[in-house]
Q: 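The structure follows.
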Amino acid sequence: MKKLLATVATLATLALPAQAFDLNAMTPAEEEAFGKAVRAYIMQNPSIIVEAYELFQQQQAELEAANDQQLVRQLAPVLFEDGRDWEAGNPEGDIVMVEFLDYRCGYCKKAHEEVKQLIAGDQNIRFIVKEFPILGDESVLASRFAIATRKVAGDDAYGRMNDALMQYRGKMTEKSLKKIADKLDLDGDAILAMIEDPEVTQQIADTHQIASALSISGTPTFVIQDQMLRGYVPLDGMQELIAAMRAEM
């Protein structure tokens, strides 16, 4: 790209008086000559359009990543230290990983088993779940039920409910959720009685507020240390990213 820019500059210099190469100071005639020179070069080398677009995309991605990192650092307390969120893995792990999920999201379901494999295979990851229902009323009901399960029966029960909801492919209703709870030997009636608790409502609302601040609009979204991964990432991709992070620690 540097060679490309140098070539365009040379063409422009040949087309215009040397003292007039300030783009902001060009006369209409100089602008026309410059435009013709640039157009001629592009017509002779059309591949530079693709090259320029790829560079633009790279620059935008780098800018977005830097912005994400700054936001994650600012929101670290509510992302990583909110005691209302369920956690798995190693609480003292050198890598902290947060997942924003929705139980009706197909890609969340696809990622679920791979995330479990990641945590099982790496004993130094602290994993945090953010209940982020965005796919309609059934999603909200399922997240309420999961949060209520933890309130009624504790962390182990939540972990089993989280697994069951991710594996479930049917319609999310109070009746179907109670059946799931019964199969897990949990008190479905007690859980249902808790789903409208103000604390459950507030937890979901707070997660939506955090997601809005981070410009998260889809699931799954992962925050790993200070980096964000928007969308499904295969197991090997997550492993490679975490290995690269550790190499820089």
Side-chain angles (χ1 to χ4, degrees), residues 68-69 72 76 78-135 139 142-143 145-170 172 177 179-186 191 203 207 210-211 214 216 218-249:
D68 285 345
Q69 288 178 330
V72 169
V78 291
L79 273 171
F80 306 132
E81 305 302 334
D82 188 335
R84 297 174 296 179
D85 298 322
W86 180 77
E87 298 190 19
N90 182 353
E92 303 299 328
D94 65 342
I95 296 291
V96 59
M97 175 178 174
V98 179
E99 181 182 3
F100 289 75
L101 57 78
D102 183 308
Y103 293 111
R104 294 184 65 234
C105 165
Y107 282 105
C108 293
K109 292 179 183 294
K110 184 176 181 179
H112 182 70
E113 290 302 321
E114 296 187 36
V115 170
K116 287 178 63 178
Q117 290 178 47
L118 175 69
I119 296 168
D122 187 324
Q123 300 299 310
N124 215 11
I125 294 176
R126 177 185 170 212
F127 178 64
I128 302 170
V129 169
K130 291 283 188 186
E131 296 280 349
F132 184 47
I134 57 174
L135 298 177
S139 294
S143 280
F145 199 80
I147 295 170
T149 296
R150 185 172 182 231
K151 286 183 170 295
V152 169
D155 283 341
D156 177 70
Y158 175 95
R160 291 187 288 126
M161 181 60 68
N162 176 269
D163 275 342
L165 291 175
M166 279 300 176
Q167 293 164 6
Y168 183 66
R169 295 296 187 271
M172 301 284 191
L177 292 172
K179 285 183 177 179
I180 293 172
D182 291 342
K183 289 180 180 179
L184 297 175
D185 293 324
L186 299 172
I191 296 169
Q203 182 173 342
T207 297
I210 296 166
L214 291 169
I216 296 173
T219 54
T221 294
F222 298 93
V223 179
I224 305 178
Q225 298 292 88
D226 62 354
Q227 295 189 37
M228 291 181 60
L229 302 177
R230 301 175 188 275
Y232 166 75
V233 180
L235 175 60
D236 57 356
M238 289 188 286
Q239 290 171 328
E240 289 174 7
L241 175 61
I242 289 171
M245 287 179 172
R246 286 194 173 116
E248 295 179 359
M249 287 180 173

Q: Please step through side chain to side chain contact (heavy atoms under 4.5 Å, CB included) for the pair N162 and L101, ending with a clear verdict.
A: CA-CA 10 Å; N162 176 269; L101 57 78; 4.1 Å; yes
Q: Between Q225 and D94, which heavy-atom pair has the shortest distance, and what is it?
A: NE2-O, 3.5 Å
Q: What's the shortest heavy-atom distance between F132 and G218, and which atoms?
A: CE2-O, 4.4 Å
Q: In sequence, state the C-alpha distance, the side-chain angles, and the governing distance for Q227 and V72, and then conclude on side chain to side chain contact (heavy atoms under 4.5 Å, CB included).
A: CA-CA 8 Å; Q227 295 189 37; V72 169; over 6 Å; no
Q: Compare every heavy atom of V98 with every heavy atom of L79, then report the nearest pair and how far apart it is.
A: O-CG2, 3.8 Å
Q: Could you grab the distance from atom CE of M245 to atom CG of D226, nearest 0.5 Å is fine?
A: 6.5 Å
Q: Once rounded to the nearest 0.5 Å, what's the spacing between atom CZ of F222 and atom CE of M238?
A: 5.5 Å
Q: Could you pull out all residues at least two apart from K179 that satisfy side chain to side chain contact (heavy atoms under 4.5 Å, CB included)?
A: K175
Q: Taking only residues two or more places apart in sequence or in another chain, which ones pass ring-ring contact (aromatic ring centres under 6.0 Å, His included) with Y158?
A: W86
Q: For E114, check side-chain hydrogen bond (donor to acceptor under 3.5 Å, both in side chains) against everything at least two apart and list the hits.
A: Y232
Q: Do L235 and E113 touch side chain to side chain, with heavy atoms closer than 4.5 Å?
A: no
Q: Kindly write out the residues that satisfy side-chain hydrogen bond (donor to acceptor under 3.5 Å, both in side chains) with R230, not counting sequence neighbours, or none if the list is empty.
A: D68
Q: List in chain and number order the residues that pass salt bridge (Lys or Arg N to Asp or Glu O under 4.0 Å) with D156, two or more places apart in sequence or in another chain; answer none if no residue qualifies.
A: R160
Q: Applying salt bridge (Lys or Arg N to Asp or Glu O under 4.0 Å), name anything that partners R126, two or more places apart in sequence or on another chain.
A: E81, E87
Q: Got a sec, which residues hit side-chain hydrogen bond (donor to acceptor under 3.5 Å, both in side chains) with N90, two or more places apart in sequence or on another chain?
A: N124
Q: Using a 3.5 Å distance criterion without hydrogens, assess whether the side chain of D102 forms a donor-acceptor pair with backbone atoms of T219.
A: no
Q: Using the rule side chain to side chain contact (heavy atoms under 4.5 Å, CB included), only one of L241, V223, I224 pairs with M97; which is it?
A: I224
Q: Spell out, as yes or no, whether a donor-acceptor pair under 3.5 Å connects the side chain of R150 to the backbone of R84.
A: yes
Q: List the residues meeting side chain to side chain contact (heavy atoms under 4.5 Å, CB included) with K151, not counting sequence neighbours, and say none if there are none.
A: I147, M194, E199, V200
Q: Please enumerate all residues that pass ring-ring contact (aromatic ring centres under 6.0 Å, His included) together with Y103, with sequence neighbours excluded.
A: none
Q: Is the OH atom of Y107 crowded by more than 12 outside heavy atoms at less than 6.0 Å?
A: no
Q: Are side-chain heavy atoms of I242 and L118 found at a separation under 4.5 Å?
A: yes
Q: So C108 and M166, side chain to side chain contact (heavy atoms under 4.5 Å, CB included) or not? Walk me through it.
A: CA-CA 8 Å; C108 293; M166 279 300 176; 3.8 Å; yes
Q: How would you list, by chain and number, every residue that makes a side chain to side chain contact (heavy atoms under 4.5 Å, CB included) with I119, sequence neighbours excluded?
A: V115, F127
Q: What heavy-atom pair brings I180 and A164 nearest, and what distance separates the two atoms?
A: CG2-CB, 3.7 Å
Q: I216 and M228: side chain to side chain contact (heavy atoms under 4.5 Å, CB included), yes or no, with the steps?
A: CA-CA 10 Å; I216 296 173; M228 291 181 60; 3.6 Å; yes
Q: What are the two closest non-hydrogen atoms of L186 and D182, and how far apart are they?
A: O-OD1, 3.8 Å
Q: So, using side-chain hydrogen bond (donor to acceptor under 3.5 Å, both in side chains) as the criterion, who are the partners of S143 when residues are at least two apart?
A: E131
Q: Name all residues meeting the salt bridge (Lys or Arg N to Asp or Glu O under 4.0 Å) criterion together with K109; count only those two or more places apart in sequence or in a different chain, and write none if there are none.
A: none
Q: What I'd like to find out is whether the side chain of D122 reaches to under 4.5 Å of the side chain of I95, using heavy atoms alone.
A: no
Q: Return the CD1 to CG distance between I191 and L184, rounded to the nearest 0.5 Å.
A: 8.5 Å
Q: Closest approach of A211 and F100, non-hydrogen atoms and distance?
A: CB-CE2, 4.1 Å
